[in-house]
Amino acid sequence: MSAVIEIEGLRKTFHSLRNGRRVAVDGFDLLVEAGQIHGFLGPNGSGKTTTLRALLGLVRADSGRMSVLGEPSPQLLPRVAGRIGAIVESPQFFGNFTGYRTLRLLARAGGVPIARVDEVLDTVGLRDRGDERVKGYSLGMKQRLAVASALLKDPQLLILDEPANGLDPAGIREMRDLMRSLAAAGVTVLVSSHILGEIQLICDHVTIISRGRRVATGRVDEVLAGYDRHEFLVRVAEPERAVELLHEAELTASVDGEALVVGGVTDPTVISRVLGEQGLWVGELTPLRPDLESVFLELTGAGGHPSVPRQVDDSGPLPGAGDAEIDLDVRGVDA
Amino acid sequence: MNLVRAEVERLSARRFVQLMVVLLVLAFGVTAATTLAGSHKPSAEELSSARSQAAEARQSMENTFQQCLARQNGALPPTDSEQYFPSDCSEIDPTLRDRLPIAADFLPGVFSFAQQARPLLYFLIAFLVLFGFLVGASYIGADLNSGGVVNLLLWRPRRMTVLGAKLGTLLGAVLGLAVVASVVYLATFWVIGQTAGLGGPLGGDFWRSLGAVHGRGLVLVLLASALGFAIATLGRHTSAALGAVAAYAVVWELGARLVLEIVDARRPDQLMLSSYIGAWLSGEARFYDSRLCTGTETGMYCEGFYSLTWAPSLVVLLVLTGALTAAAFAVFRRRDLI
Ligand SMILES: Nc1ncnc2c1ncn2[C@@H]1O[C@H](COP(=O)(O)OP(=O)(O)OP(=O)(O)O)[C@@H](O)[C@H]1O
Ligand SMILES: [Mg+2]
């Protein structure tokens, strides 16, 4: 399995007269291998867009080593740029041009056959609106145009920064189907998004960034497994008595509303046996699997108290968790 | 090559460019129409009367000069006090005049191409300089702000090539437009002169001097375009170029000139860009220097002017534009594009 994107120790500080120094990316690592659909997650302001910009040669990194499709970036980026389709943070287009003309200009500048323009407009569902001015497009239509521009080159690597931004539910599903079909055709996809359910549905690998640092990376199921506390949701007729019985059997248990959350055990039959022996029959027994959202919130420290508005820079590696990054990347185990 | 073609399309689709072209055509149409309406072909009588009037005027200038000389030599008694004579008669020597009255001066309502071509060309050049500067600045300024440059760089991650293609396209397009506009413009007025006015004496000298102004004007138009492009690139914004020029004009050309005059600095015009622009365009510009004449005996004639010629002026303009353009490329090469 060959690396398509490799980033090691990327660091980028923005300097401005008004705000002074701002460390946007702080020693970040990323590895995306061929054929992956790789999710790139992180809270607002954690450095995702900055990372992608640095990778694509739009901002100058302070330090770190990057390569794309085997070529060091940004030095030899021009060699492979024709094989990378990218959208970075909702690209802006010239409002007076039609969608068709916008793409045709890009195709011409990049030496892509003009016939591709109609194909990609069709792919993103803008076939009938291609001859309208971009300034008359809705947010989602502009986003679709952006995706079309990324697809124009027939890329081997697709980098999408929040492609679902502004898309309607049908559009999100179409985007998902599009990414799946591209991946099936051998395209490697790196996609950043805040819609975690979506990422969990389509991505096989994920990297989570917080405050400019990687806090988790690996196959989605393995990252989730790393956060599996092996807890079960249990429904019984007398929850209080059940808690006592389970405690006696040296399991952890607590009442959560109508149900119980039971932990400290890997085999769920233990639970039904302990309770059944005392005549308490289990009505429901469900393993509590972590989802990407809960892992994300835990890792990025973003799941604070609901009544206190969380500030963008509050997220970050939890205290003491700085080095406890989970790295479950198992090379060559891809399905 | 593909890049340039795409840029040409982008440039010509800009609203601002289209607006300026419409303005150009409009200004051209209005000038041509009013000239045509206010001019007629002079009749033979008008012509001969104008010729004799011109001859009379020249004769009277000559007479005055001769009288002045005579008085200076004491040959004429200073009784004729109604006539004013300068202390130095060479001031009114007709042969030292830039130009003498000619028939065209005495033909009201007749357009003379020979006489009007130069000022007309100056007007067109001024318009094209403004056009080049504004288009150069807004073309890159708007593209930097609308993300057009970023989009393009995702396709062609060679910054120098992309910026170079933009500048090259701009200069090529502006030059093409300027050449076409000025040729059509001069041709139209030439035709007006021939058919509804006075063709005038259009010898080789005339065309040579008009051609020189034309060529220098085109260079100025290109320099202005590159300058607008460079400043807008440096400042990341169209308004940076406009602001820089406005600030320069107010602070330096007006403010500093005033201060320099108050402190009685020598030759303040030498420090002003406008002097060099003028000198380049007309071939030579003359400026007053009060100290040139200090020390000359009173009564002796001293001109007190020094001149700037086109060659050093071109160097000044080229160095300024070249330095700013080089700086723009150097900065753009390393800049973070957001
Ligand atoms: N041009 C800039 N000048 C100064 N600071 C910047 C600049 N661009 C980004 N930053 C800072 O860098 C940090 C990372 O920003 P970035 O855009 O990479 O975040 P992100 O992960 O893409 O966030 P989001 O999810 O909101 O898109 C932020 O704190 C931001 O304020
Ligand atoms: Mg972002």
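In what follows, every chain begins at residue 1, and chains take the letters A, B, ... in the order their sequences are listed. What you see is a predicted model; the values in this text were computed from it and never measured.
Partner of A/D26 under the salt bridge (Lys or Arg N to Asp or Glu O under 4.0 Å) criterion, out of A/R21, A/R213, A/R214: A/R213 alone. When A/V191, A/I202, A/V147 are each tested for a side chain to side chain contact (heavy atoms under 4.5 Å, CB included) with A/M175, only one passes: A/V147.
Using non-hydrogen atoms only and a strict 4.5 Å limit, the part of residues 315-338 of chain B facing chain A consists of B/R333, B/R334, B/R335, B/D336, B/L337, B/I338.
Checked by atom type and distance alone, the side chain of A/Y137 never pairs as donor or acceptor with a backbone atom of A/T98 at under 3.5 Å. B/Y122 contributes no side-chain N or O that, together with a main-chain N or O of B/G217, makes up a donor-acceptor pair within less than 3.5 Å. A donor-acceptor pair under 3.5 Å is formed between the side chain of A/K48 and the backbone N or O of A/G42. At distances below 3.5 Å, at least one donor-acceptor pair connects side-chain atoms of A/S138 with backbone N or O atoms of A/M141. Checking side-chain atoms of A/K153 against main-chain N and O of A/I84 turns up a donor-acceptor pair under 3.5 Å.
The residue among A/R60, A/R104, A/R101 with the most heavy atom pairs within less than 4.5 Å of chain B is A/R60. Chain A forms more heavy-atom pairs under 4.5 Å with one residue of B/G148, B/A13, B/A142 than with any other, namely B/A13. Per-residue heavy-atom pair counts under 4.5 Å with chain A were compared for B/R158, B/E9, B/R10, and the maximum is reached by B/E9. Looking only at heavy-atom pairs under 4.5 Å with chain B, the residue among A/L152, A/T49, A/I87, A/V59 that has the most is A/V59.
Under the ring-ring contact (aromatic ring centres under 6.0 Å, His included) criterion, B/F131 pairs with no residue at all, not counting sequence neighbours.
Ion pairing of B/E253 with B/R257 is present here, as a side-chain N (NZ or NE/NH1/NH2) and a carboxylate O approach within less than 4.0 Å.
Looking at A/R108, both its backbone and its side chain come within 4.5 Å of chain B, counting heavy atoms on both sides. Within the 4.5 angstrom heavy-atom criterion, only backbone atoms of A/S149 (N, CA, C, O) approach chain B. Residue contact with chain A, scored on non-hydrogen atoms closer than 4.5 Å, involves the side chain of B/L153 exclusively. Using a 4.5 Å cut-off between heavy atoms, A/F93 touches chain B through backbone and side chain atoms alike.
Applying the 6.0 Å contact sphere to CZ of A/R116 captures more than 12 heavy atoms from other residues, nucleotides or ligands.
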